[in-house]
Amino acid sequence: MSDSLITPRTMSGFRDFLPEMMIPRERLMETARQVYRKYGFSPIDTPTLEYAEILTGKGSDETDRQMYRFQHGKHDVAMRFDLTVPLARFVAQHQNELGMPFKRYHIAPVWRGERPQAGRYREFAQCDFDTIGTTSIASDIEIVMVINDLMRAIGFEKFSIRMNNRKVLNGVLEKSNLAEHSVPVLRALDKLAKIGRDKVKTEMAEATGASDEQLDQILMLAEIKGTANEVLEQLVPLCSGNELAEQGREELAQIVAATEAVGFPEGTLSIDVSIARGLDYYTGTIVETFLDDLPEFGSVCSGGRYDNLAQLYTKTELPGIGASLGLDRLLAAMEKLDMIPPVKTPADVLIVFFDKSQLHYYLKLAQDLRAAGLGVELYPDAKKLNKQYKYADRRGFAATLIAGGDEIERGIVQVKWMADGTQVELPVADGGKEIAEWIKNQQG
RNA sequence: GUGGCUGUAGCUCAAUUGGUUAGAGCGCUGGAUUGUGAUUCCAGAGGCUGGGGGUUCAAGUCCCCUCAGUCACCCCA
């Protein structure tokens, strides 16, 4: 009954991943894992669902509104909308088992009920890494270094890490007697690059009733341009006289100096005094990462320092710093930039099923090659070669292997490199070692 | 959550402005080709024009609702 069929579809902002997308997506996660582990971050996981009170306490009304939330029996339940709030609960609950400082990474999906846009979804993966339990600037420096390593390991050359410090912003607001209006002022300031000076000023004036003079002082700060060191230089007079601002400037200077000392690529890190970030809990360093080729995609890796992350759940002060790689946004960007190869299989090699009577021979050959480190698929039917080679081509196999009666008798296989059609005869007596080596060599 | 634009085959797009049976390229399946894919030739499958309702003699085309995509706002990865 065709009328009773249910239309197969996914909800707005939720997506399926086909192999050609999931393969690079998994590779991205694997790359992130490797980088995090190199810095000593340990993996954790937390539940998808939390009691709603855990998640609603910290966020703004805005995050509450975006949260998927429902009643399950007697319980008020919600789906996590980021990985930082669950982390706060997690460290508060397990602080004695974890010991401080604690470094963790967490790769998992989060959900936000907002309107989808290019690079924005309702379900998307975040790859968070945080260091909890220390206020040392060394952790701030390390976060910036991780972002740099991460982006380069993924394959990006053209990106910029923009850094700021909430203390500078708040200190200068104090100087201008605007401290009590920090939230709307910073929110407006964050839009500087997008909507321009005049509109930002209008928005600030409407929100705070501040004078032209007060606002000019803030905007002067945000409009500082130049290399990291030039910005630091110009910040000196603007921060002077306010302890908080001077401290923030000093922290920025220390991070810049440290990245220079470890040979950070020039121009990768810049100071942008206009970035503020929406989240209220940031108190020090703030970072955002933009792709030079797709600035409109927004930040692909953002984070910052917070003084007291878990204050809702414990009296112990737990300062920390961390950032979040937007895996799905990055994937969307890579697709747009043609960085996703058209590969639909995770295997390197297809063995052509040539002779129906030789199934055992092919199975053994496949096993040997797997043991030698290759991903190997045996075509399941002895169909025409035309079909099998076409299949290999469509799936994006790097190489095909074929052995008929003649080759089997001679103890060799024909190995074909699909990209250029190169074909060689290689022996099988060594358990596929030479074949594996040849293929890895071709792969570069 | 608010507003604008869009929706025709798996994908990219046509269809004389409301007029018979909705077409093409690419892709897909099969064949030419039981020892070779990406190039060539032939054939085939694939559509309730996103879904529902309305106006009309007549709707892919006009109107309303809904779903999805997209853009802006809000916010953010």
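At a cut-off of 3.5 Å, with distance as the only test, a side-chain donor of A/Tyr306 or A/Asp130 sits close to an acceptor on the other residue. Checked by atom type, the side-chain pair A/Gln34/A/Arg37 shows no donor-acceptor distance below 3.5 Å.
Residue A/Arg394 places no side-chain atom within donor-acceptor reach of the base of B/A38, judged by atom type and a 3.5 Å distance cut-off alone. Counting distance only, with no hydrogens placed and no angle test, the side-chain atoms of A/Lys384 and the base atoms of B/U34 include no donor-acceptor pair under 3.5 Å. With hydrogens and angles left out, the side chain of A/Glu114 and the base of B/A77 share a donor-acceptor pair within 3.5 Å. Judged by distance alone, with hydrogens and angles left aside, A/Arg115 brings no side-chain donor or acceptor close enough to the base of B/C73 to form a pair under 3.5 Å. Between the side chain of A/Glu407 and the base of B/G35, a donor-acceptor pair under 3.5 Å is found. Looking at A/Lys387, its side chain has no donor and acceptor atom pair within 3.5 Å of the base of B/G37.
Under the Watson-Crick or G-U wobble criterion, with both distances below 3.5 Å, B/A59 has no partner in any strand shown. Across all strands shown, B/U2 forms a Watson-Crick or G-U wobble pair, both distances under 3.5 Å, with B/A72.
Counting non-hydrogen atoms under 4.0 angstrom, A/Phe297 reaches nothing in the nucleic acid. Within the nucleic acid shown, A/Lys356 has no heavy atom closer than 4.0 Å to any nucleic acid atom.
In this structure, of B/G30, B/G69, B/G37, it is B/G37 that holds the atom nearest to the side chain of A/Asn386.
Residue ring and nucleobase are stacked for A/Phe124 and B/A77, with a centre distance beneath 5.5 angstrom and an angle between planes beneath 30°.
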